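The structure appears below as structure tokens.
Just so you know, these numbers come straight off a predicted model, no measurement behind them.
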Amino acid sequence: MSQNTDIHVIIVHNGGPRAGLSAAVAAATPHAGGVTIVDLSGALGEAAVGAPVFTAPGGALGPALRALIPSLPALVAIRSDEAAFDPRGLALAQAAITDEIDVVMSRFAVTGANGRVAWVIDPAQDGDKPPQCAEDGVVVRTAALAESPLLAFHPTLFVLLRDAVRAGRAAVLPEALFRVSADRFALGRLSRAADLHLLHAHNVDYDLGQPWLSVVVPADGSRGLGAALNSLCRQTLPIGLYEIIVPDAGGNEWLDGVSTAVPLRRLPMPSASAGALLQAGLEAAVGVLLWTFAPDALALPDSAERHIRAHRERPDQRIFVVGSREAPASEDESALTLALEGLEPAASYNDLEAIPLRPAQSLELYNTSFTPEAALLVGGFGVDLEALVGQDLGWRVAEFGYEALALPEARSIRQGALSIDAHVAATEARARDGVLVMARNPAALDAAGLHELRAAELEGLLERQGASAALVRRAVLGLGAVETAALQPFGEDWAAFGEDAGRRVSQLLRHLDRLAEARGRLAGLRALEVDGFPALLRRQPLTLPGRCGTLFVARPLAGEEMGWLHPLAHYLFHFGPNDDTTLLLLADPDAGGLSAETLRAGVMELTSRLRAGPRGGWADVQVAERTSRPGELLRLLASADGYILGANEPDPALEGAAAAVGTPLEQPEGWATRFTGGVTPLPLDTEATYRLLVWPDWQAAGAVEHMFEQYGRAIANREDTVLVVRFDVDQDGDPDEAAAALGAAWESTMGDGWALQVLLVDQPVDAEAVAQLAAATSAVALGPTGDGPRDAALRALGRPVHEDGVAVTIHLFEQPPAPFGPLYPPTLQLR
């Protein structure tokens with residue numbers, strides 16, 4: 001075959017062996033018009049490999065091709081350094097490109113380890129979605145390449161190939177065949193090569209500016225980081241679809257000198273926690289999805305693709321996709337190894353038969369993908385956490401309907417085996433973080449059921465059992481050395497012994513776990529400076545009406561019949577619009593309380609027949625239904641300022657819960673004096689909420705007329721006001737004459753068109769009764785001069801003082817309006 005001098009071959013080098021690159025150059029040179037190497041790895045430098053080397057800026061193919069276009073001939077062939085060269089393809093491609101054809105693609109074959117062809121892929125079978133690997137056997141008109149929207153990531157040619165196929169300016173050469181290795185595409189794991197590539201498998205176009213996946217690998221000092229990154233760089237996704245971000249807590253400076261085909265960024269964060277590392281990765285990520293991966297694991301080649309597919313197949317479902325974390329292949333079947341593997345927290349995710357959807361609270365972030373928006377929705381990761389960053393996030397996102405999708409097919413393998421010390425340390429760290437998680441996630445505390453556990457009990461456990469840890473550890477090592485499988489061939493007795501050794505090792509490990517949990521929980525409580533979990537409840541107030549003011553809780557019991565109305569009557573009678581107090585009635589029929597319907601009906605009946613107290617005739621009464629959350633009663637009482645017991649029946653459960661969180665008992669008998677300095681108000685026969693007290697000089701001419709002129713007109717024609725007129729039988733003469741004087745003064749000063757409520761208080765009043773009268777009124781009004789002995793006595797009552805009608809009007813309109821009718825108590829759900 002004659003040499004083809006019109007096609008220039010560009011060989012793309014991704015960091016493979018230099019010997020293979022030299023062989024690729026040697027094979028292509030005799031059959032091409034020229035050969036240029038585009039180095040994406042940045043590691044070749046000036047190495048002699050038989051052809052000029054162009055180092056791609058930033059490790060991306062697109063900018064490199066853009067820079068080379070002016071120096072290239074009319075036709076170029078672009079291929080990877082591992083693709084076997086077929087010179088016949090160049091000649092065929094040159095003949096196939098005409099004025100109507102811009103791109104010619106060859107078929108390609110995948111070869112296995114034995115050199116045999118494993119699969120042959122024809123780009124024509126994929127319609128307008130040519131496989132990404134068609135780039136290894138493509139010849140392109142340079143002018144078309146110059147006009148295409150080059151991408152910042154590899155593969156650059158996909159948009160060009162797709163647009164050419166759609167426009168009918170592409171051709172396929174079935175006779176020409178390029179070969180690539182099976183390792184590159186991992187075809188053995190899938191049934192058809194076309195299914196491997198999301199770009200056409202999901203019938204979507206490639207996003208020109210955003211990778212599909214950002215992989216965050218927190219470098220926290222775990223060994224094996226290099227191997228983990230290597231496994232991530234060898235994913236079956238085209239390189240341009242994902243990036244790798246490594247937030248580094250320290251000790252991995254070598255990452256700055258690493259060059260990979262996959263874009264990799266290191267974020268130095270000395271001594272940062274695991275949560276802080278993940279948060280930094282979240283904030284730096286630009287991918288559509290975020291994939292958190294453990295630094296001590298290896299990802300199988302198709303793990304990333306499995307994650308992306310899981311999300312694309314469920315576009316409207318709020319999920320976190322959790323892949324597997326499997327134990328490394330090992331021949332060690334000792335009782336200790338098997339027991340440790342059984343206690344691995346992530347073991348349940350490896351079960352292919354398990355129900356895939358799980359509560360989000362079970363999140364582990366060793367091999368998990370989700371949208372960045374899901375984490376940002378709840379404020380991101382807990383930066384103060386080390387071991388339970390995922391569970392903390394899971395509790396918060398669960399409130400927004402997120403679930404965990406177990407995806408065992410997205411496989412990862414843990415590097416190295418577990419040890420007793422590593423297992424116990426992990427258990428202690430999880431327990432310590434668990435306290436922090438429960439402190440800010442009430443549902444987590446309810447699920448744990450530790451509401452009454454205190455630091456003193458943990459200290460006592462460690463004091464009693466601490467010395468046993470060393471003995472138990474030695475016993476574990478002794479029994480753990482038994483190889484259970486190796487004993488089976490020696491008979492049933494030895495097999496039973498092996499099984500028994502395995503069970504006992506598990507029991508002993510759980511004893512060590514219990515001590516580790518106690519140490520971790522104690523450390524967590526001390527970090528929060530609390531003496532136990534009841535103190536955490538006091539930091540988790542419920543969102544309830546009245547919480548910003550005064551909140552009292554009562555649980556009316558069925559055994560009291562209607563006796564609970566007695567304290568409620570006191571409450572409604574003596575409190576009014578000026579009060580900031582809420583009475584919360586707890587409907588708890590399962591625990592002996594009344595139902596919400598009964599409570600609402602009782603409140604409505606009571607409010608319809610009670611008269612107003614000195615502060616009005618209504619109150620903020622709410623009815624709350626008890627749910628099934630175990631910590632609800634404790635948290636409710638921790639949110640309250642006091643609790644109220646019924647009139648007849650004791651409530652040990654309520655009293656015990658209140659004692660646990662330190663909520664005091666409130667005595668309803670004292671409610672009437674809460675705003676009166678301890679004085680019980682004098683009962684007044686009126687429902688008016690604004691009560692103006694006047695003590696005129698009944699013997700002085702014009703004193704009663706002045707009272708009506710100055711103050712009567714200011715409060716007249718309002719149903720919520722009353723003029724309380726005092727008459728002292730020891731100083732003011734005959735009450736009958738006073739009543740006649742009151743009527744005459746009304747006729748002479750008020751006249752027609754005015755409606756005024758007047759209440760004459762004419763019973764004997766001693767010093768105690770004067771204080772009660774003052775407690776039952778809103779303000780006092782002075783006489784004509786404002787400086788007599790009567791006015792001095794009014795000033796001494798401690799009520800607001802008014803000297804004219806203008807002051808009364810201003811004070812009256814400063815009062816909050818009274819509601820229309822009784823307050824209907826809505827039913828609340830405690831959350």
R718 charged N/C atom sitting above F813 aromatic ring, 6.0 Å / 45° = yes
Taking the six-membered ring for Trp, are W698 and F727 parallel (under 30°), tilted (30 to 60°) or perpendicular (over 60°)?
-> perpendicular
Shortest non-hydrogen contact from A714 toward G805 = CB-O, 3.7 Å
Please determine if R795 and D791 form a salt bridge, counting it only when a charged side-chain N lies under 4.0 Å from a carboxylate O.
-> no
Step through the shown structure and confirm whether more than 12 heavy atoms of other residues, nucleotides or ligands are within 6.0 Å of CD on E768.
-> no
When rounded to the nearest 0.5 angstrom, what is the spacing between CD in E463 and CG in L458?
-> 13.0 Å
All salt bridge (Lys or Arg N to Asp or Glu O under 4.0 Å) counterparts of R432, not counting sequence neighbours = none
Rounded to the nearest 0.5 angstrom, the CZ-CG distance for F552 and L584 is 12.0 Å
What do you reckon, is CD of Q772 surrounded by more than 12 foreign heavy atoms closer than 6.0 Å?
-> yes
How many angstroms lie between atom CH2 of W395 and atom CG of L393, to the nearest 0.5 angstrom?
-> 13.0 Å
Which heavy-atom pair separates P534 from V661 by the least distance, and what is that distance?
-> O-CG1, 4.3 Å
What pairs with F708 under ring pair (Phe, Tyr, Trp, His ring centres under 6.0 Å), at least two apart in sequence or on another chain?
-> W746
Run the salt-bridge test on R726 and D732 with the 4.0 Å N-O cut-off and return the result as yes or no.
-> no
Please determine which of E386, Q391, E517 meets the side chain to side chain contact (heavy atoms under 4.5 Å, CB included) test together with R430.
-> Q391
Any chance you could measure S778, atom OG, to H811, atom NE2, to the nearest 0.5 Å?
-> 7.0 Å
Salt bridge between R626 and D590, side-chain N to carboxylate O under 4.0 Å?
-> no
Give a yes or no answer on whether the side chain of Q540 reaches the backbone of A439 with a donor-acceptor pair at less than 3.5 Å.
-> yes
For the student: nearest non-hydrogen atoms of R799 and A774, plus distance = CD-O, 3.1 Å
From L794 atom CG to H802 atom NE2, the distance as rounded to the nearest 0.5 Å = 12.0 Å
Taking 4.0 angstrom as the limit, do R440 and D384 come out as a salt bridge?
-> yes
Distance, nearest 0.5 Å, that separates CG of L525 from CG of L536 | 6.5 Å
